[in-house]
S.K.: 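Structure provided below as structure tokens; questions to follow.
We use all heavy atoms of the structure for the numbers below, so side chains are in, but hydrogens, waters and symmetry mates are not.
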Amino acid sequence: MSRAWTIGSWLIAAIVAAPIAVVLYALVGPASPTWSHLRETVLTGYIVNTAVLTVAVGVLSAIIGIAAAWTVATRDFPGRRILSWALVLPLATPAYVVAYVYTDLLEFAGPVQTALRALTGWGVGEYAFPPIRSLGGAAVVLSLVLYPYVYLLARTAFEAQAASLVDAARVLGAGSARAFYTIALPASRPVVAGGVALAMMETVADYGVVDYFGISTFTTGILRTWFALGDRGAAVQLAGWLFVVVAILIVAEQAARRGGFSNPVVRTRAAVPVRLSGARAWLATLGCALPLFLGLVVPAVVLARYAFETGDPLLGRGFGDFVATTFGVAGTTAVLATLLALWLAYGVRLNQSAPNRLAMRTATLGYALPGAVLAVGVLMPLTGLDKAIARFLNAQFDLGVGLLLTGTAAALVFAYLARFLTVAYNACQGGLDKVHRRLDDAARSLGAGSFRVLREVHVPLMRGAVASAILLVFIDVTKELPATLILRPFNFETLATRVYRLASDERLAEASTAALAIIGLGLLPALVLGLSSTRLRRSRAAEAI
């Protein structure tokens with residue numbers, strides 16, 4: 001029976017990996033005239049801008065995430081319990097929404113500069129104000145919503161370290177700063193590197209922020225080549241180069257994970273946070289609250305005011321169609337991704353051979369790739385499949401049919417599955433690992449087959465993990481922008497594309513309703529993630545005591 005699970009796993013891997021294979025082939029395939037022109041004129045700019053922005057976001061996210069994680073893990077200050085989980089919540093805010101809000105607030109005609117001129121009496125050209133529509137502005141905006149990747153992993157690592165290690169460093173005369181730099185941070189380097197890599201890969205995949213700020217990166221170049229120049233081949237070749245950038249990031253992340261320190265202490269002891277008082281305590285509160293305030297509170301308050309004063313003009317008429325479309329594709333993708341993830345995870349549980357694990361690795365490659373890369377990789381094979389089906393039906397049954405898959409919601413769901421299957425797999429794998437293998441043996445001794453064991457034993461015991469998988473994929477699909485823009489059918493609008501289209505026309509007040517809906521949907525899994533990590537931390541602390 002495990003053979004059937006292995007064959008199914010390889011079938012899933014082959015289907016999901018097809019877009020990646022198309023993109024890789026473009027790297028060695030013949031170059032079109034458009035590609036030659038792009039290579040000679042703009043490719044260098046795409047590489048430099050993408051690299052600089054990615055590194056800048058990685059550095060800023062690391063600074064914010066590590067500082068907040070160390071403060072929360074080792075210091076006791078007012079609001080610490082709330083901030084420990086609330087600092088994860090900016091993950092719920094799409095970066096392009098934050099970009100729209102801060103551009104509206106900080107541009108020349110915005111309320112901040114207007115108030116500054118009214119207060120000081122300065123006129124045009126009499127003062128310098130950092131431009132928000134710049135590469136630096138994009139780096140700051142992206143860091144405000146991506147630092148939780150670093151914060152969550154770093155906080156867990158700092159709390160899991162043995163307190164005796166830091167105590168030993170202090171006994172030997174090291175101050176708190178030296179103990180942090182020489183003991184805590186090096187010991188946590190592999191985990192921190194993973195969080196920074198996630199933030200950097202999300203930066204490479206971003207389209208909404210860089211497009212709105214007018215920054216030429218690979219993602220903007222891919223969509224420009226696809227829509228403005230109408231050259232799919234050149235767009236796929238750009239996607240291939242972007243794949244190379246992501247591959248370099250993955251290799252660098254794996255290298256950074258190696259060589260970390262191991263904990264020589266047999267039994268870890270939960271660290272007792274140092275209680276701060278006076279100005280230092282309130283400074284810690286302010287420092288930890290600032291990223292949360294800038295990354296979530298300010299955008300949400302501004303959007304709520306706009307929605308109350310103006311809002312989407314189609315609210316109450318056509319706005320429900322955007323919500324229904326979003327729920328339709330997101331819900332379908334979430335359910336399918338979870339079913340496929342269960343198959344992959346249980347297949348590995350039944351047979352942990354190298355081929356089975358390779359199939360799992362191949363099927364879960366998509367999350368490391370930007371949505372724009374997968375979108376252009378999906379469209380090429382689907383177009384060929386559509387043409388083959390049309391020729392077959394015409395030859396065999398004299399039926400003239402158009403495109404059955406390309407330009408439909410099916411192509412969009414396929415791209416979402418290729419990108420977010422990893423999210424569902426990680427959640428299902430985590431839940432499956434908690435089910436003891438003795439239950440498998442007991443069920444099989446009673447004559448139950450593998451399908452029945454999964455359906456009647458494992459799934460009921462891992463309901464929480466399955467629900468988390470569905471929820472996380474649903475939210476990721478809701479926020480996904482570049483893949484939706486490339487593959488959506490004609491007159492197909494989701495909440496993300498509605499926000500993008502209105503904000504691109506400088507109609508932020510009207511886009512606020514859809515933006516708030518996306519943030520509201522995203523808050524639920526972010527809140528669950530933050531609270532669950534807090535409960536896990538407290539249980540580990542109790543066990544250590």
S.K.: Does any part of the side chain of Thr93, heavy atoms only, come nearer than 4.5 Å to the side chain of Ile518, both counted from C-beta?
M.R.: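 Ile518 does not reach Thr93 side chain to side chain.
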
S.K.: Looking at CZ of Phe218 and OG1 of Thr54, how far apart are the two atoms once the value is rounded to the nearest 0.5 Å?
M.R.: 10.0 Å

S.K.: Please determine whether a side-chain nitrogen of the Lys or Arg among Arg501 and Glu493 lies less than 4.0 Å from a carboxylate oxygen of the Asp or Glu.
M.R.: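 Yes, Arg501 and Glu493 are salt-bridged.
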
S.K.: Taking the side chain from Arg419 and the backbone from Pro370, do they hold a donor-acceptor pair closer than 3.5 Å?
M.R.: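 No; judged by distance alone, with no hydrogens or angles, the pair does not exist.
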
S.K.: Within the 3.5 Å criterion, strictly below it, is a donor on Tyr207 or Tyr500 matched to an acceptor on the partner's side chain?
M.R.: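 The answer is yes; a qualifying pair exists.
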
S.K.: Taking side chain as C-beta onward, heavy atoms only, is Leu336 less than 4.5 Å from Val413?
M.R.: yes

S.K.: Given side chains that start at C-beta, do those of Tyr100 and Val499 come closer than 4.5 Å, heavy atoms only?
M.R.: yes

S.K.: With the side chain counted from C-beta on, respond yes when Asp476 and Val473 share a heavy-atom pair under 4.5 Å apart, and no when they do not.
M.R.: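 Heavy-atom side-chain distance check fails, nothing below 4.5 Å.
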
S.K.: Is any side-chain heavy atom of Phe213 closer than 4.5 Å to one of Thr103?
M.R.: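 Sidechains of Phe213 and Thr103: in contact.
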
S.K.: Do Asp312 and Thr513 have side-chain atoms, one donor and one acceptor, less than 3.5 Å apart?
M.R.: no

S.K.: Where the side chain of Asn49 meets the backbone of Ser216, is there a donor-acceptor pair that is under 3.5 Å apart?
M.R.: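 Confirmed, Asn49 side chain pairs with Ser216 backbone.
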
S.K.: Could you check if a side-chain atom of Phe492 sits within less than 4.5 angstrom of a side-chain atom of Leu412, using non-hydrogen atoms only?
M.R.: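 Contact flag for Phe492/Leu412 side chains = yes.
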
S.K.: Which is it for Thr338 and Cys428 under the side-chain contact (heavy atoms from CB on, under 4.5 Å) test, yes or no, and what are the steps along the way?
M.R.: CA-CA 8 Å; Thr338 303; Cys428 291; 4.1 Å; yes

S.K.: With a 3.5 Å cut-off and no angle check, do the side chains of Glu510 and Tyr306 form a donor-acceptor pair?
M.R.: no

